[in-house]
Every structure is written in C-alpha cells, then in structure tokens.
Amino acid sequence: LAVELTSLGAAVDSITLNDPRYPEIGQRGTPLTLVGHDAGLIKTLATQIPDIDRQLGDENLESLHWALTAASESSATFQFEAPDGGLRVTKTYWLDPQERPGDVDAISFRDAQSAGYQLHLSVKIENLSREAKTLEYSLQGPVGLPLEDPDNASKYNDIRLGFLRDGGSVDHSTFTAAEAAQEFHAAVKNNDFNLIEVWKRPIQYIGVDTRYFAALVHPVGDQLTSPTIHSSRAVVAAERKEDRFADVSVLLTSSDRQLGSVDAADGSSVLEDEFILYAGPKREELLQPLEAASILDYGWFAPLVRLMLLILHSLHEMGLSYGLAIIGLTCLVRAGMIPLTRHQAKSMDKMKELQPKIKVLHEKYKKDPSSLSPEEMRQMQEVNFKMFAGCLPLFLQMPIFIALYHSLQISVDLRMAPFHLFGNWIDNLAAPAAMFQRGFAIPFVGWTTFNLLPILSIVLMQANQKLTMPPPADEEQAMQYRMMNIMMYVMVVFFYRVPVGLCFYFIVSSVWGTTERSLMKRFASAAPPAGA
C-alpha cells in the first residue's frame with residue numbers, strides 16, 4: 001500500500017495499490033487508487049468528537065489541521081487539543097512492512113499476506129481536566145472506492161457488514177448503494193435523519209466493496225464483551241446520476257466512554273482503541289484473517305465457479321494467457337460432452353428420417369388434429385426418438401455459462417487481463433471489447449461502441465443450430481424455425497455487453513460443435529453399411 005495522509009482532520013487522503021497487476025481501468029501502468037479515488041469533502045477515518053466540536057463554532061475536527069507530531073516511512077502521528085484544554089486526541093497510523101523470504105516468489109507472497117494490505121489506526125483520547133467525563137466519538141469509514149465500468153457491470157459499490165453472534169460466528173450482510181441512496185433521499189425530503197437505518201450489533205468488519213476490491217474496517221479486540229463501536233449507519237458520500245452508482249460509506253459511532261480525571265491513578269483518564277483498515281483485492285486468503293471471505297459472492301453455482309477458476313488459473317500457470325485459458329477450458333468442457341453430442345446427433349438423424357412420415361401424418365390427419373399427436377408419438381417410439389435429447393447438451397452447458405460469467409465478475413486476476421492474439425483491441429477479458437466508438441448512442445439501447453464479438457457469437461450459434469436442426473416438416477414448423485432465427489437476433493441485445501471472456505466461450509463452443517457435427521457426418525458416410 002501507498003497511503004497518503006492529510007493533517008486536515010488527521011485522515012486518509014488516498015490509498016494506492018503498488019502491485020502492477022492492479023492498474024486503473026483503461027490505464028495500464030497507472031497504479032489503482034482504491035480509497036479516495038474521487039476527491040471529496042469526506043475523508044476516510046476522519047474523526048468527530050462532539051465534546052470538542054461544540055467548542056469549535058463553525059468548524060469541527062474534520063475541517064481543521066491537526067499537528068503532525070511524529071512521522072516515518074511507515075507511520076505518522078497527529079494530535080489535537082481541545083480549545084478549553086480539557087481533552088487531547090492522538091491518532092497514530094502505521095503500516096506493518098512484510099519481508100518476503102528468498103524462496104517465495106513475489107506474487108505468491110503478496111496473495112497470501114493479508115497484513116500487507118492493512119493500515120492500522122490507534123485513536124487515543126486523554127482527559128486533561130480534573131473532572132471525569134463521558135464522551136463518544138465517530139469514525140468515518142472508507143470513502144471513494146472506484147466504480148469501474150458501471151454501464152456494463154452487474155455489481156456496484158456495496159456496503160458489506162459482518163456482525164458477530166454469540167459464539168463468535170459472523171453474520172454476513174449486504175446493503176446496496178441504491179438502498180443507501182434511497183434512505184438518504186427520504187431523510188432529506190422529510191428532514192428526518194432518523195429514517196436512516198442504524199445497526200447496533202457487534203462488528204467483525206464493516207466497509208465497502210467493489211467487483212474486485214474491498215476496503216473494510218475491523219475493530220481490534222473482543223467486540224462481544226467490550227464492543228468498541230456502539231452503532232453504525234450508511235453514508236452517501238457522493239450522489240450519482242443513478243442511485244445504484246452512488247459513492248457510499250459508513251459512519252461508526254463508539255459506545256459512551258467514561259474518562260476519569262487527569263489525577264486518576266488507575267489510568268482511567270485515557271482511552272485507546274485500535275482499528276485495522278483492509279484495503280486490497282478480494283482474495284479468500286487475504287480476507288480470511290478478518291473472517292470476511294464471504295464477501296466473495298460465488299452465486300448459486302459456487303462449486304462450479306470454484307472449479308472454473310481452478311481450471312483457468314491452472315492453465316494460466318502452465319504459461320497460457322487467460323484468453324487462451326478460457327479457450328482451453330471450453331475445449332475441455334466440449335470434449336467431456338462428446339458422448340452427449342453424439343447422442344444428440346443420432347437423435348437429430350432419427351428426426352430427419354422421421355420427417356417424411358411426419359409429413360404424411362400431417363396430411364392424413366389435417367382434419368383430425370386430435371389424432372395427430374398420438375400418431376406422431378407412436379412413430380417416435382418406433383425409432384426410439386426422445387424429443388428433448390437434442391436439448392440436453394444445451395441445458396447442461398447453462399450452469400457452465402453462468403459459472404464462467406460469475407468467474408469473470410469476481411476474479412481479480414481476470415480484471416484487465418488482455419488478449420492480444422488478434423490485435424490490441426481486446427484489453428480486458430472481464431468487460432465488453434469495443435472495436436471503436438460510434439460517436440452517437442443507438443436509440444432505446446444506448447450503445448455508443450461497436451462490439452464485434454457478441455454479434456459473431458450469435459451468428460456462429462445460429463449457424464450451428466441450422467446444422468443440427470432437421471428441415472421443417474410443414475409450414476407450421478417452418479414458422480417456428482423462423483421465429484427461432486428472429487429470437488437469435490433479439491439475443492444480440494442481451495449479449496451485446498457481456499464480457500469478452502464469455503464471448504470466447506460461445507464462439508469456441510459453436511466452432512467446436514460445427515466441426516464436431518461435420519466430422520460425425522463424414523465418418524458416418526465413410527462407414528460401411530451395417531451387415532456388410
């Protein structure tokens with residue numbers, strides 16, 4: 001981490017990741033600013049203390065400069081004393097540098113050391129008066145996480161909460177930016193900020209996450225018996241054109257704390273709390289020490305998503321780019337489905353043989369439709385044709401499509417993974433690939449770029465469908481086929497913004513299916529007749 005602090009409020013101005021694998025979207029070579037990406041008035045880990053703020057008139061602890069009393073490459077200490085001399089606040093930030101053993105490569109070390117992505121904060125409040133005091137303070141959560149490619153994303157910046165239960169287990173919850181923005185608008189409209197939900201459960205972690213990164217605050221210490229934070233709530237740091245795009249954060253408020261007088265011999269005149277701010281990629285090994293690995297949302301097909309990622313990472317470790325790894329994954333999936341596709345091909349051949357007989361039946365029972373279906377079923381049973389056998393490979397691939405889509409949405413390794421085999425225009429496998437900007441938006445759908453791969457995917461899927469489907473037996477079936485063709489083109493609307501990696505899967509799968517079907521036909525025609 002590269003952490004930039006500011007004396008204004010003794011807060012975090014920005015946190016930048018120095019790993020070259022995590023650049024800014026569309027700006028290779030520029031390190032990603034994970035916290036404080038969009039400069040705003042609210043600063044991360046800024047502190048409010050009502051007892052002091054009341055003495056500052058129109059100012060507060062967030063708008064005044066604190067004294068920098070100590071600093072080094074990995075730590076800094078700020079101090080502020082109340083105007084009446086009754087309280088002194090000290091905030092100390094520090095990083096814990098990690099030394100890499102010589103026998104461990106840099107990437108493996110970075111991806112296993114959660115401490116390398118942790119900023120520590122100590123908040124110390126001293127009572128300098130001769131009277132005991134009761135006070136509370138608030139701490140601002142992480143602000144300014146980048147909202148990457150919002151027009152094509154399926155996830156935006158969300159508030160993530162991990163509440164402790166008796167026994168030490170953690171309840172994981174999500175509060176979306178849209179929910180936070182709607183509560184904020186209702187509170188402003190009614191001039192009643194009590195409408196904003198307040199969470200009062202002990203906290204294991206709380207913060208904000210994006211598709212691939214997270215910034216989470218973890219109070220240090222036993223939060224079940226002596227909770228540092230009494231309550232927390234959502235904060236809208238910046239509004240956007242849509243509620244779901246809002247920049248959200250959280251505000252943490254401490255429990256009421258008793259401070260003895262400055263003369264107290266038992267040390268009760270001082271309180272000191274410690275927090276850890278995790279700011280880094282969403283990797284299980286890095287999130288596990290905070291018990292926050294559940295913010296990685298694998299979806300309904302979690303085991304399959306994990307398997308997809310295992311295969312992709314294994315192929316990548318063998319020297320393949322992630323683009324080639326997706327192609328390799330597709331080939332492995334299609335190779336494993338060869339028995340099913342052979343069965344599908346045989347079913348389609350049986351259907352083609354049945355077509356003349358079905359056509360005769362349609363003519364014969366033109367005036368008696370109720371007798372047509374039983375006769376059709378009898379003909380199919382005679383040749384052991386199963387209606388849905390041809391659809392089975394497609395149904396079996398649907399979970400794989402969904403699992404691969406989730407993999408592209410959550411794997412930080414696939415973020416900004418390029419594929420330059422066909423030129424430099426494919427720069428991010430986890431996002432749509434625009435060949436060029438149109439300069440205008442297409443009405444109703446709002447497309448401003450030309451994305452070739454989704455169109456190519458649908459064209460190849462249609463070609464593969466024509467190869468496998470039997471010719472229509474009558475005008476009604478021909479109409480059904482025409483409707484299917486139209487639906488194929490309608491699918492372009494839904495597929496136009498899918499990630500490049502998923503397009504690769506569709507394209508390679510369609511090419512494989514077409515080639516496989518052609519080879520099966522060739523081998524079938526070359527085989528000697530049965531009994532020869």
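Residues take their numbers from the sequence shown, with the count starting at 1.
Summarising the local packing, CD of E73 is surrounded by 12 or fewer heavy atoms from other residues, nucleotides or ligands at distances under 6.0 Å. Crowding of D58 atom CG: a count of heavy atoms from other residues, nucleotides or ligands under 6.0 Å not exceeding 12. Crowding of D166 atom CG: a count of heavy atoms from other residues, nucleotides or ligands under 6.0 Å not exceeding 12. Enclosure of atom CD in E131 is not indicated, since only 12 or fewer non-hydrogen atoms of other residues, nucleotides or ligands lie within 6.0 angstrom.
Every residue two or more places apart in sequence or in another chain was checked for a salt bridge (Lys or Arg N to Asp or Glu O under 4.0 Å) with D192, and none qualifies. Under the ring pair (Phe, Tyr, Trp, His ring centres under 6.0 Å) criterion, F245 pairs with Y156, sequence neighbours left out. Scored by the side-chain contact (heavy atoms from CB on, under 4.5 Å) test, S108 finds V104, D105 as partners (sequence neighbours excluded). Partners of E81 under the salt bridge (Lys or Arg N to Asp or Glu O under 4.0 Å) rule, at least two apart in sequence or in another chain, are R88. Shown here are the salt bridge (Lys or Arg N to Asp or Glu O under 4.0 Å) partners of D53, two or more places apart in sequence or in another chain: there are none. In this structure, the salt bridge (Lys or Arg N to Asp or Glu O under 4.0 Å) partners of R160, at least two apart in sequence or on a different chain, are D209. Partners of F175 by ring pair (Phe, Tyr, Trp, His ring centres under 6.0 Å), not counting sequence neighbours, listed by chain and number: W199. With sequence neighbours left out, Y322 forms a ring pair (Phe, Tyr, Trp, His ring centres under 6.0 Å) with H313, H316.
With respect to F504, the side chain to side chain contact (heavy atoms under 4.5 Å, CB included) criterion is satisfied by exactly one of L324, L453, L404, L329: L453.
A donor-acceptor contact shorter than 3.5 Å is absent between the side chain of D111 and the backbone of R283. The backbone N or O of A82 sits nowhere less than 3.5 Å from a side-chain atom of Q55 that would complete a donor-acceptor pair. Looking only at distances, no side-chain donor or acceptor of E272 sits under 3.5 Å from a matching main-chain atom of V123. Side chain of H185 to backbone of A181: a donor-acceptor contact under 3.5 angstrom is found. Distance alone, capped at 3.5 Å, is enough to place a donor-acceptor pair between the R28 side chain and the M416 backbone. The backbone N or O of P227 lies less than 3.5 Å from a partner atom in the side chain of S255, making a donor-acceptor pair. Side-chain atoms of E179 come within 3.5 Å of backbone N or O of T176 as a donor-acceptor pair. When atom types are taken as modelled, the side chain of Q409 and the backbone of K155 share no donor-acceptor pair closer than 3.5 angstrom. Judged by distance alone, with hydrogens and angles left aside, the side-chain atoms of R211 form no donor-acceptor pair with the main-chain N or O of R415 at under 3.5 Å. The backbone N or O of G260 sits less than 3.5 Å from a side-chain atom of N127, completing a donor-acceptor pair.
Residue pairs satisfying the ring pair (Phe, Tyr, Trp, His ring centres under 6.0 Å) criterion with at least one member in residues 91-115, sequence neighbours excluded, are listed as follows: W94-H120. Note on residues 65-84: pairs passing ring pair (Phe, Tyr, Trp, His ring centres under 6.0 Å), not counting sequence neighbours, are W66-F80. Evaluation of the ring pair (Phe, Tyr, Trp, His ring centres under 6.0 Å) test over residues 23-50, restricted to residues two or more places apart or in two chains, returns none.
Side chains of S268 and D266: a donor on one and an acceptor on the other come within 3.5 Å. Side-chain atoms of Q79 and T90 form a donor-acceptor pair, as typed in the model, at a separation below 3.5 Å. No side-chain donor-acceptor contact under 3.5 Å links K43 and T6. Looking at Q258 and T134, their side chains do bring a donor and an acceptor atom within 3.5 Å of each other. Inspection of the S114 and Q288 side chains reveals no N or O donor paired with an N or O acceptor under 3.5 Å.
Taken from CE in M308 to CG in L408, the straight-line distance is 11.5 Å, to the nearest 0.5 Å. Interatomic distance, CG of L429 versus CG of L502, reported as 11.0 Å (0.5 Å rounding).
Smallest separation of non-hydrogen atoms from Q223 and I229: OE1-N, 4.1 Å. Across every non-hydrogen atom of T33 and E24, the tightest pair is N-OE2, 3.0 Å. For V143 against A237, the heavy-atom pair with the smallest separation is CG1-CB, 3.7 Å. Closest heavy-atom contact between P142 and S249: O-OG, 2.8 Å. Closest non-hydrogen pair, I206 versus S232, comes out as CD1-OG, 3.6 Å.
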Tell me which donor-acceptor pairs under 3.5 Å the side chains of residues 290-298 have, and how far apart each pair is, sequence neighbours excluded?
from: S294; atom 1: OG; to: H172; atom 2: NE2; distance (Å): 3.3
from: D297; atom 1: OD1; to: G299; atom 2: N; distance (Å): 3.1
from: Y298; atom 1: OH; to: E284; atom 2: OE2; distance (Å): 2.8

